[in-house]
Trainee: 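Please read through the structure below; I'll follow up with questions.
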Amino acid sequence: MPGTASPTPLRVALLGCGVVGTEVARGLLTGAADLAARVGAPLELVGVAVRDLETERDPAVPRELLTTDAEKLVESADIVVEVMGGIEPARTLLLRAIAGGASVVTANKALLAERWPELFEAADAAGVDLSFEAAVAGAIPIVRPVRESLAGDHVRRVLGIVNGTTNFVLDRMATDGLELEEAVREAQALGYAEADPTADVDGFDAAAKAAILASLAFHTRVSIDDVAREGIRAVTADDVAAAAATGHTVKLLAIAERTAEGVSVRVHPALVPTDHPLAAVRGAFNAVFVEADGAGPLMFYGQGAGGRPTASAVLGDVVSAARHRVLGGKGPQESAYASLPLLPADAATTRYQVRLVVDDRPGVLAQVAGVLAEHGVSIDTVRQSALGAEAAEGADPAGATANLLLTTHRAREASLAATVAAVAGLAPVREITSVLRVEGA
Ligand code: HSE
């Protein structure tokens, strides 16, 4: 009966027994007494669905709980926890669980970012909880704060370092001057990066998380296909060193922004000023910086991956769903009423820092500045740094080159891209060394 603690155990089914699943099972079993006290009823782990019964596993997971029959397992559960990842069979199993009246907890960012409407429509129709704190930034409580704590505010912008692997890689490039491939190999050796690092390095993982955060922050459906995505593959050790020389750190950012025209959601490497809180996020840690009208700036920081940290977020959702089943009530439904327009990638406004090599002779800077002016892009700063060796004393001045570093004010991505293309076409421009966006300034 709602309002009264029930002694009837709640049946929890676990789908997946990898690094996170093992820790969820361990947490449910070893923390059973505390969890029961917090929920008001025991949580009984009734089964763990795996692909292969013979795989060697942590003894924390009792063999008798293992099953390959995930479909049967979800049918009898009150709460289904999905930590298997991938779209199928996770999608079908969760829909089946929901249809059977179970509350579902998932850590599956790819599934949510691709199938959000389908999952929410099913959960809301069935009147069950759909919770997913672990799907974004692992242990960091960010889903619940955005979904619930900020539900009375107006979120303007979310800037997140939501992929630990790429943050580790960029950090190693910054601290020891490693090139990207070396840093990725180190991340693989330490178990951060997969053998195929595409999902992290090319920004797919961060894009899924950006879609989820944007959907919650702006009460609007955003799918991974709406996210403009650029990974870190093109970032060089030289870019990272040049960033440091101008008081910046290179970070892979997930950005969700509300503008007068709609919502812009994107993932790309960006220069973050070293005095911005996100610049201090080192190694494989994650952080999400939220700007809201009432709350002002908020920063959420912690471990974004790993078995125990991710299991912590999963177990929090399990307790919450279990409390609703014991005491009555329900977690929030989907909130997509705002239905804001999703802006194309080239409509985002950002700042560019462009490094280029030009002939060092009178009028070249004016020519470059003229191109920016023609495109309506305003220059913030210009720096001319170390001349090339040709400019050394006694060298032929006709062959001298200069390194220019231009930082623009905010402008539309489309104008900035067209400007850079036009600058690259100028005769005295020998090379565009790098183009990086500047965020958080
Ligand atoms: N591969 C992710 C990361 C963790 O490096 O942060 C899971 O989303």
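These numbers come from the heavy atoms of this one structure, side chains and all, not from hydrogens, waters or symmetry mates.
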Trainee: For T106 and N108, does a side-chain donor sit closer than 3.5 Å to a side-chain acceptor?
Mentor: no
Trainee: Using atom types as modelled and distance alone, determine if a side-chain donor or acceptor of H248 lies under 3.5 Å from a backbone N or O of T246.
Mentor: yes
Trainee: So, applying side chain to side chain contact (heavy atoms under 4.5 Å, CB included) with E334, which one of L119, L216, D124 is it?
Mentor: D124
Trainee: Checking side-chain polar atoms at under 3.5 Å, does D317 have a donor or acceptor matched by the opposite partner on S320?
Mentor: no
Trainee: State plainly whether the residues R91 and E82 are in salt-bridge range, i.e. N to O under 4.0 Å.
Mentor: no
Trainee: Can you tell me how the ring of F132 sits relative to the ring of W116, calling it parallel under 30°, perpendicular over 60° and tilted otherwise?
Mentor: perpendicular
Trainee: Once rounded to the nearest 0.5 Å, what's the spacing between atom CD of E261 and atom CG of L340?
Mentor: 12.0 Å
Trainee: We want to know whether T381 and R383 form a side-chain donor-acceptor pair, criterion being a heavy-atom distance below 3.5 angstrom.
Mentor: no
Trainee: Considering residues at least two apart in sequence or located in another chain, which fulfil the side chain to side chain donor-acceptor pair (under 3.5 Å) criterion with D176?
Mentor: R172
Trainee: Could you state the interatomic distance from CD1 (I255) to CG (L159), rounded to the nearest 0.5 Å?
Mentor: 5.5 Å
Trainee: Over 60° means perpendicular and under 30° means parallel, so classify the ring planes of F285 and Y301, tilted if in between.
Mentor: parallel
Trainee: Would H375 and S415 count as having a side-chain donor-acceptor pair, cut-off 3.5 Å?
Mentor: no
Trainee: Could you tell me whether the side chain of E23 and the main chain of V20 form a donor-acceptor pair under 3.5 Å?
Mentor: no
Trainee: Got a donor-acceptor contact below 3.5 angstrom from the D226 side chain to the V265 backbone?
Mentor: no
Trainee: Assess whether a salt bridge exists between E133 and K109, defined as any Lys/Arg side-chain N lying under 4.0 Å from an Asp/Glu carboxylate O.
Mentor: no
Trainee: Sub-3.5 Å donor-acceptor pair from the side chain of S215 to the main-chain atoms of V222, do we have one?
Mentor: yes
Trainee: Salt-bridged, E413 to R351, with N to O below 4.0 Å?
Mentor: no
Trainee: How long is the span from the CG atom in D238 to the CZ atom in R355, to the nearest 0.5 Å?
Mentor: 4.5 Å
Trainee: Report yes or no: is the cationic atom of R229 (NZ for Lys, CZ for Arg) closer than 6.0 Å to the six-membered ring centre of F204, at no more than 45° off its axis?
Mentor: yes
Trainee: Quick one: OG1 on T166 to CG on D205, what's the gap to the nearest 0.5 Å?
Mentor: 8.0 Å
Trainee: For the pair R115 and E118, find out whether any cationic side-chain nitrogen is under 4.0 Å from an anionic carboxylate oxygen.
Mentor: yes
Trainee: Just by modelled atom types, is the G294 backbone N or O under 3.5 Å from a matching donor or acceptor in the D153 side chain?
Mentor: yes
Trainee: Quick check: closest heavy atoms across A97 and V74, and the distance to 0.1 Å?
Mentor: CB-CB, 4.1 Å
Trainee: State, with a plain yes or no, whether a side-chain heavy atom of V19 is found less than 4.5 Å away from one of T22.
Mentor: no
Trainee: Can you list everything that forms a side chain to side chain donor-acceptor pair (under 3.5 Å) with T220? Sequence neighbours excluded, please.
Mentor: none
Trainee: Under a 3.5 Å threshold, yes or no: a donor from one side chain and an acceptor from the other, between T350 and E439?
Mentor: yes
Trainee: So how far is it from R412 CZ to T419 OG1, rounded to the nearest 0.5 Å?
Mentor: 13.5 Å
